[in-house]
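Numbers here are sequence positions counted from 1. Order of appearance sets the numbers: ligands from 1, and atoms from 1 within every ligand. The analysis underlying the following values was restricted to heavy atoms, covering all of them including side chains, and did not include hydrogens, waters or symmetry mates. Remember, it's a predicted structure, so these values are computed and weren't measured experimentally.
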Amino acid sequence: MARYSVVLLPGDGIGPEIVEATQIVLAAAGVEIDWKPFDVGVAALERTGSPLPDEVVEEIRRCGVALKGPIATPIGGGFASVNVALRQRLNLYANLRPVRSLPGVPARYSGVDLVIIRENTEDLYAGIEHWLDDDTAIAVKRITRTASRQIARFAFDYASRHRRRQVTAVHKANILKMSDGLFLQCAREIASQYPQVRYVERLVDALCLDLVLDPERHDVLLCPNLYGDIVSDLAAGLVGGLGLTPAANIGDEVAVFEAVHGSAPDIAGKGIANPTALILASAMMLAHLGDDEAAARVERAVVETYRRGRALPPDVGGTATTREFTQAVVACIA
Ligand code: NAI
């Protein structure tokens, strides 16, 4: 009998390749999972008329946990992002994105240990857009007190539980005085309830400069949705690229684990995708399920694979295929 039931969304592009790698690693780590696979995106649209069928959302609610490959979103038209819809429909209000240096990865910095906590349901991603006239399009940046307090509380709780020293609220409240102003007001209010965690504020542009010049002095970054999205890719670049950084979308009842990166259409089907981000996301999933021991086993195997450095994928300077890298991780499971 499987111990866990997990909805599996293989996704598009390199999704199925990195999902397969992750399943192999979890099985080798002795984790028994009853996978519930579903198509979403284009495949689901063609089959059911919806890119995110209700039955998928219901099954994720029922299981409480999903592992998701990246899902492609049409640009400038077509259906709305399935990623954003999942986050909004399941109220996955927190996007947790640890960014850590791995040994042996050619990267700009070697001591990065950041956690990006991104509000996941509103901001410009609320999807409120309209045409004012033929030449003018308007998008609404929606910031609410409820969601801002909720994400700030999540960030300070996380910082306290994981003994992080500092939370930085990221904003542009000098220009967006009301919307980012409200986000900051909520961050300050919650910060005052956590005197043990240092609280600072940084304009998003200044933060980007700080991160590029001296990322090792940053800790937890509390971001509204859009800045969190952009800062995540920047931070991934500091430690060696998008192939390495995992993400968890967390709500009160449900959590969906994925990589920060997208479907990488430029390398899809070539067998060279780096599955590290999704494997690390699966370790976050195990920790969320309460299996800290298995989570640590998977994470240690990934770190050890990089330390040995014999079978690394091309995006981090190696020549290994996805399968060769996966086997190297399996060989490191203790
Ligand atoms: P992307 O993240 O897919 O790719 C950017 C670059 O990073 C590419 O050169 C790609 O080859 C490389 N890369 C990404 N992941 C990699 C991995 N695991 N191993 C090796 N190289 C990797 O971003 P892009 O091209 O802007 O987006 C492609 C599609 O993915 C779009 O349709 C976008 O909407 C979607 N997307 C989905 C996300 C999700 O499902 N959460 C997140 C971001 C984008």
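- A donor-acceptor pair shorter than 3.5 Å cannot be found between the side chains of Tyr93 and Asn249.
- Near Asn83, meaning under 4.0 Å from one of its heavy atoms, ligand 1 places the atoms 37 (C), 38 (C), 39 (C), 40 (O), 41 (N).
- Looking at Val260 against ligand 1, only its backbone comes within 4.0 Å, counting heavy atoms.
- Ring to ring, Tyr227 and His171 are not that close: their centroids are 6.0 angstrom or more apart.
- For atom 34 (O) of ligand 1, the nearest non-hydrogen atom from the set Leu244, Val256, Thr73 comes from Thr73.
- The minimum heavy-atom distance linking Pro103 with Tyr306 is given by the pair O-CB, 3.2 Å.
- Among all non-hydrogen protein atoms, the one lying nearest atom 41 (N) of ligand 1 is Glu258 OE1, 3.0 Å.
- Side chain to side chain, Arg217 and Gln166 fail the donor-acceptor criterion of an N or O pair below 3.5 Å.
- Nearest-heavy-atom check against atom 15 (N) of ligand 1 across Lys270, Lys68, Glu17, His261 picks out His261.
- Residue Asn274 approaches ligand 1 through these ligand atoms, each under 4.0 Å from one of its heavy atoms: 17 (C), 18 (N), 19 (N), 20 (C).
- Distances from atom 30 (O) of ligand 1 to the protein include at least one heavy-atom value under 4.0 Å.
- The N/O atoms of Gly262, backbone and side chain alike, include one that comes under 3.5 Å of an N/O atom in ligand 1.
- The protein non-hydrogen atom at the shortest distance from atom 4 (O) of ligand 1 is Ala264 CA, 4.2 Å.
- Test Arg142, Lys172, Lys141 against Asp123 for salt bridge (charged side-chain N to carboxylate O under 4.0 Å, His left out) and you get one pass: Lys141.
- With 3.5 Å as the limit, one finds a donor-acceptor pair spanning the side chains of Glu119 and Thr121.
- Minimum heavy-atom separation, Gly243 to Thr276: O-CB, 3.4 Å.
- Dense packing is recorded around CZ of Arg308, with more than 12 heavy atoms of other residues, nucleotides or ligands lying under 6.0 Å away.
- Stacking of Arg118 on the aromatic ring of Tyr125 is recorded, both the 6.0 Å distance cut-off and the 45° axial limit being met.
- Any N or O atom pair closer than 3.5 Å counts here, and Gly243 shares no such pair with ligand 1.
- The option with the heavy atom closest to atom 35 (C) of ligand 1, from among Asp229, Leu278, Asn249, Ile71, is Ile71.
- Only the side chain of Pro265 comes within contact range of ligand 1, with a heavy atom under 4.0 Å; no backbone atom does.
- Under the 3.5 Å distance criterion, with hydrogens and angles disregarded, a donor-acceptor pair is assigned to the side chains of Lys68 and Asn83.
- In the model, Thr168 has no side-chain atom that pairs as donor or acceptor with a side-chain atom of Arg202 under 3.5 Å.
- Of the protein's heavy atoms, none falls inside 4.0 Å of atom 24 (P) of ligand 1.
- If you number the atoms of ligand 1 from 1 as listed, the ones under 4.0 Å from a heavy atom of Ala72 come out as 32 (O).
- Counting heavy atoms closer than 4.0 Å to ligand 1, residue Asp315 contributes side-chain atoms (C-beta onward) but none from N, CA, C or O.
- Atoms of ligand 1 lying under 4.0 Å from any heavy atom of Pro70, numbered from 1 in the order shown and given with element: 40 (O).
- The closest approach between any non-hydrogen atom of Ile267 and ligand 1 is below 4.0 Å.
- Comparing Leu86, Val40, Leu242, Val84 by heavy-atom distance to atom 6 (C) of ligand 1, the nearest is Leu242.
- The protein non-hydrogen atom at the shortest distance from atom 8 (C) of ligand 1 is Asp266 OD2, 3.4 Å.
- Smallest separation of non-hydrogen atoms from Ile14 and Ala268: CG2-CA, 3.7 Å.
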